[in-house]
Amino acid sequence: MENEEDPVKRQQILDARARNISHNVRCLECGSQSIEESQADIAVLLRKLIRDEIRSGKSDKDIYKKLEDDYGETILYAPKFDWQTAAFWLSPLLIAGTAGGIWAYGRHRQRTNVHLLALNLTRGVPLTPKEKETMLDILTPPPSGILPTSPWWRNWLPR
């Protein structure tokens with residue numbers, strides 16, 4: 001009885017490995033389906049190729065490598081991670097970070113410039129010492145080390 005189950009189990013293992021590999025391989029004709037789901041001629045041929053490679057004793061890694069060499073990297077759903085793909089996936093983060101930095105720098109400069117402009121406007125105006133002191137207290141920006149009393153995001157909340 002064990003001898004009869006051996007070929008059956010071996011065939012089940014072969015089928016499971018073939019289905020697993022087929023789920024990770026893109027159909028070249030459909031593009032959006034795996035070769036396991038597709039009924040295109042090329043998908044049927046690739047499934048047969050995968051089963052033949054498994055029967056010949058090749059590992060999953062060898063089969064993926066052969067498919068990639070023959071059909072290109074786009075046949076695999078999970079492309080290799082290298083510097084080109086890292087740059088591709090990280091570019092949105094770099095762009096968003098740069099844009100955020102430019103926006104924050106502009107906001108900082110805008111607030112600082114308002115104070116400098118106001119101080120320059122009052123320089124030519126004859127003021128009493130009390131008025132001059134009041135103007136400097138109002139127009140001088142706070143020291144950079146002191147945090148504002150309310151968080152920055154409260155400025156945008158409706159009141």
Side-chain angles (χ1 to χ4, degrees), residues 1-119 139-159:
M1 187 117 173
E2 284 183 21
N3 292 338
E4 293 174 9
E5 289 183 19
D6 250 349
V8 172
K9 281 191 177 191
R10 205 173 312 131
Q11 184 63 34
Q12 288 174 342
I13 291 171
L14 183 136
D15 289 341
R17 274 186 65 198
R19 277 194 302 276
N20 184 37
I21 294 172
S22 296
H23 277 294
N24 295 318
V25 177
R26 186 186 316 272
C27 177
L28 297 172
E29 193 173 308
C30 306
S32 63
Q33 290 181 320
S34 69
I35 61 170
E36 184 67 26
E37 300 164 344
S38 176
Q39 296 303 316
D41 293 338
I42 187 77
V44 173
L45 290 173
L46 286 173
R47 286 195 301 260
K48 184 179 181 324
L49 172 87
I50 289 170
R51 290 181 192 285
D52 292 343
E53 295 289 324
I54 291 173
R55 281 190 193 103
S56 69
K58 292 197 176 175
S59 69
D60 292 2
K61 197 174 197 177
D62 293 337
I63 296 170
Y64 286 130
K65 178 81 171 123
K66 178 179 174 42
L67 289 171
E68 186 178 352
D69 290 344
D70 292 348
Y71 299 101
E73 189 177 329
T74 58
I75 196 166
L76 302 178
Y77 272 120
K80 291 185 300 187
F81 186 79
D82 58 5
W83 286 108
Q84 185 178 10
T85 55
F88 176 72
W89 288 107
L90 295 177
S91 62
L93 295 174
L94 293 173
I95 291 170
T98 303
I102 291 170
W103 176 81
Y105 179 73
R107 291 277 295 184
H108 170 72
R109 293 289 299 162
Q110 181 183 19
R111 287 185 179 162
T112 305
N113 286 341
V114 168
H115 288 66
L116 292 176
L117 286 172
L119 285 172
L139 296 177
T140 305
S144 60
I146 298 175
L147 294 175
T149 56
S150 66
W152 60 270
W153 50 268
R154 286 205 181 152
N155 294 337
W156 290 300
L157 292 177
R159 294 178 187 204

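When reading the values below, keep in mind they use all heavy atoms of this one structure, side chains included, and skip hydrogens, waters and symmetry mates.
- Side-chain contact between Leu67 and Ile50 is present, with at least one heavy-atom pair separated by less than 4.5 Å.
- Rounded to the nearest 0.5 angstrom, Ile63 CD1 and Leu49 CG are separated by 8.0 Å.
- Without hydrogens or angle criteria, Thr98 side chain to Leu94 main chain gives a donor-acceptor distance under 3.5 Å.
- For the residue pair Ile21 and Val25, the shortest heavy atom distance occurs at O-CG2, 3.2 Å.
- For Ile42 against Cys27, the heavy-atom pair with the smallest separation is CG2-SG, 4.2 Å.
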Stepwise side-chain contact (heavy atoms from CB on, under 4.5 Å) test for Ile35 and Leu45 = CA-CA 9 Å; Ile35 61 170; Leu45 290 173; over 6 Å; no
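- In plain terms, the two heavy atoms of Ala40 and Cys30 that are nearest each other are CB-SG, 4.4 Å.
- In this structure, the side chain of Arg26 engages the main chain of Thr74 through a donor-acceptor pair within 3.5 Å.
- Shown here for Glu36 and Ala18, the closest heavy-atom pair between the two residues is OE1-O, 4.5 Å.
- Legend: salt bridge (charged side-chain N to carboxylate O under 4.0 Å, His left out) pairs involving residues 46-59, not counting sequence neighbours, sorted by first then second residue: Asp15-Arg51, Lys48-Asp52, Asp52-Arg55, Glu53-Lys58.
- Heavy atoms from other residues, nucleotides or ligands lying under 6.0 Å from CG of Asp69 number more than 12.
- Atoms CD and CG, on Glu29 and Leu46 in that order, are 11.0 Å from each other to the nearest 0.5 Å.
- To the nearest 0.5 angstrom, Lys65 atom NZ is 15.5 Å from Asp60 atom CG.
- Closest non-hydrogen pair, Glu68 versus Leu76, comes out as OE1-CD1, 3.7 Å.
- By the side chain to side chain donor-acceptor pair (under 3.5 Å) test, Ser59 pairs with Asp62, sequence neighbours left out.
- Annotation for Asn20 and Tyr64: closest pair O-OH, 4.0 Å, computed over non-hydrogen atoms.
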